[in-house]
*Asks:* 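What follows is a structure written as structure tokens; I'll ask about it next.
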Amino acid sequence: MPALTSQTTTTAPPASGTPRDIRNFIGGDFVDGVAGFDKIDPVDGAVIGRVHEAGRHEVDRAVAAARAAFDGPWGRMSVGDRATLLRRIADAIERRFDDLVAAEVGDTGKPETLARDLDVARAAMNFRSFADTVASTGLDSFLTELADGRRALNYAIRKPLGVVAIIVPWNLPLLLLTWKLAPALASGNTVVIKPSEETPSSATLLAEILSEAGVPDGVVNVVHGFGEDSAGAFLTGHPGIDGVTFTGETSTGSAIMRAVAPRVRPVSFELGGKNAAVVFADADLDAAIAGLARSTYLNTGQVCLCTERIYVERPIFDEMAAGLAEQARRLRLGRPENPATTTGPLISQAHRAKVLSYFDLAREEGATVLAGGGVPTLGDGLDGGSWIEPTLWSGLDNSNRAVREEVFGPVAAIIPFDTEAEAIALANDTDYGLAAVTWTSDLTRGHRVAQRMRTGMSWVNTWYLRDLRSPFGGMGLSGIGREGGHHSLEFYTEPTNVCVQL
Ligand SMILES: NC(=O)C1=CN([C@@H]2O[C@H](COP(=O)(O)OP(=O)(O)OC[C@H]3O[C@@H](n4cnc5c(N)ncnc54)[C@H](O)[C@@H]3O)[C@@H](O)[C@H]2O)C=CC1
Ligand SMILES: O=C(O)/C=C/C=C(\O)C(=O)O
């Protein structure tokens, strides 16, 4: 595609039906790319944006702008002033709430109600939460007493890493970006952000909002493009980057590790999952069915925490399977602006092809399809979109690939078990280790089982109930490190110990 040359700002509203120009944001200016690509609306397949792809030169400029800003007044700003700025950013996000909802819905096709209640609300919350955390989290200090009578004060201070690369996916674009950006800024870093090629809009609008809120030029830069041989790889392989924080697929995490290995840069990775739920016969069945419908189908199953394996104690298996299949059939697929819509499309035709390949695989592996299983016919101009039916399988077990590999769509396999020990073993029989859910009315058992899950997060009788101060992340193939509260600050800073002899 030829280079794009128009000089309009990225977020200026287009004439109706005209694709928006979506530019890079470098050193406080919106900047053209070396090439461009179309942003497709997953609701109906229409082209809604033309994205300026950053080449090596634009990535170099972005990293240089971030370095210059880091070496300037930003690097000397007090913690209190940074916390105040974060709160101002949260206010500014709320002032542009509807614009951010429109950007997020346009790129992802998710229901507007979901974008409002989850994505954009959390963006503001992320900044407020890290303003509180940075203002209130202390560090070690020790009064040291030596055998020879000398005394010393040892205390640690935090220094920002420097220029941090933030690479984010398309499923919760603004939520995940701000979940990384807020603690990075709270800690005094400058950043270069590479949003997903599928969801360039909210990051670009956020850049404008940050400027309006008073974030100095160069502190936050946004470069658009793809991963390999494009902006993503140019950024993670750049010698001027001091750390990389990434959320996305496990194989991409491996590629990023290889990119930073020669310079031994720190990484924070929140990767994939193949999350299990365990339902005991003593659970409140209505609550469990409603909870599992949410954990399987929220955001069309495109949340790293979504449940893809459901283990159910045998006496209640048939009732659970029938109840959950009924919930899947009741979901309302439709236009995002319709308040009755519960479920949007998948992000792209390419992702739908991947999810459908698992629908085929599951059938080949012997699945019984209890709900869904294909592509719906919706009419109303929607059939060019990447819609898919919420689906439930039975008849599979842990030996099947459909039960072992992350699908990242609205689908789960439901499997019976007989004993608590078997349920724990089945849930833990995975190379991933992100999130688990236990449904039981016996809270002693709830604690016991939750603690034995080999995951970074373990919910009991709920799912995706978040406290932003608690550790968030996974083990095994699901990631490296933890985000949330002081855990995030630990990644974005280098502690330095000062020892003063008294
Ligand atoms: N939160 C999660 O766990 C997510 C998982 N996925 C899974 O990943 C699959 C692939 O989706 P993608 O969008 O391709 O995910 P991805 O993990 O490849 O992409 C996430 C981000 O990484 C960037 N990226 C890709 N390759 C890179 C590289 N070599 N160096 C630097 N940056 C790179 C992408 O441009 C994007 O901004 C999906 O089908 C889904 O199964 C996708 C999105 C989120
Ligand atoms: O609530 C959060 O902080 C994050 C939720 C989801 C993901 O991290 C993901 O889907 O990758």
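Both counts, for ligands and for their atoms, begin at 1 and track the order of listing.
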*Asks:* Could you tell me which non-hydrogen atom of Gly291 sits nearest to which non-hydrogen atom of Trp439, and how far apart they are?
*Replies:*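 Answer, listing the atom of Gly291 first, then Trp439: CA-CZ2, 3.7 Å.
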*Asks:* What's the shortest distance from atom 23 (C) of ligand 1 to any protein heavy atom, and which residue and atom give it?
*Replies:*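 Looking at atom 23 (C) of ligand 1, the protein heavy atom closest to it is Ile167 CG2, 3.6 Å.
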*Asks:* Nearest protein heavy-atom contact for atom 18 (O) of ligand 1: which residue, which atom, what distance?
*Replies:*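 Atom 18 (O) of ligand 1 sits closest to the protein heavy atom Thr252 OG1, 2.8 Å.
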*Asks:* With heavy-atom distances below 4.0 Å as the criterion, list the atoms of ligand 2 near Asn171.
*Replies:*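 That gives atoms 9 (C), 10 (O), 11 (O) of ligand 2.
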*Asks:* On the six-membered ring of Trp179, is Arg466 placed so that its NZ or CZ lies under 6.0 angstrom from the centre and within 45° of the ring axis?
*Replies:*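 Positive - Arg466 is close enough to the ring of Trp179 and near enough to its axis.
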*Asks:* Can you tell me if Leu235 has a non-hydrogen atom under 4.0 Å from ligand 1?
*Replies:*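 Not so, Leu235 does not reach ligand 1.
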*Asks:* Do me a favour and list the nearest non-hydrogen protein atom to atom 9 (C) of ligand 2 with residue, atom name and distance?
*Replies:*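 Protein heavy atom at minimum distance: Cys304 SG, 2.7 Å.
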*Asks:* In ligand 2, which numbered atoms sit nearer than 4.0 Å to a non-hydrogen atom of Val303?
*Replies:*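 Listed by number with element, the hits are 6 (C), 10 (O).
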*Asks:* Does Leu468 have a non-hydrogen atom less than 4.0 Å from ligand 2?
*Replies:*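 In this structure, Leu468 fails to qualify as a contact of ligand 2 - no heavy atom is under 4.0 Å.
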*Asks:* Heavy atom of Arg122 under 4.0 Å from ligand 2?
*Replies:*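 Yes, Arg122 has a heavy atom closer than 4.0 Å to ligand 2.
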*Asks:* Compute the minimum heavy-atom distance from Pro195 to ligand 1 and say whether it is under 4.0 Å.
*Replies:*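 Contact present.
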*Asks:* Show me which atoms of ligand 2 lie under 4.0 Å from any heavy atom of Thr247.
*Replies:*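 Answer, ordered by atom number: 11 (O).
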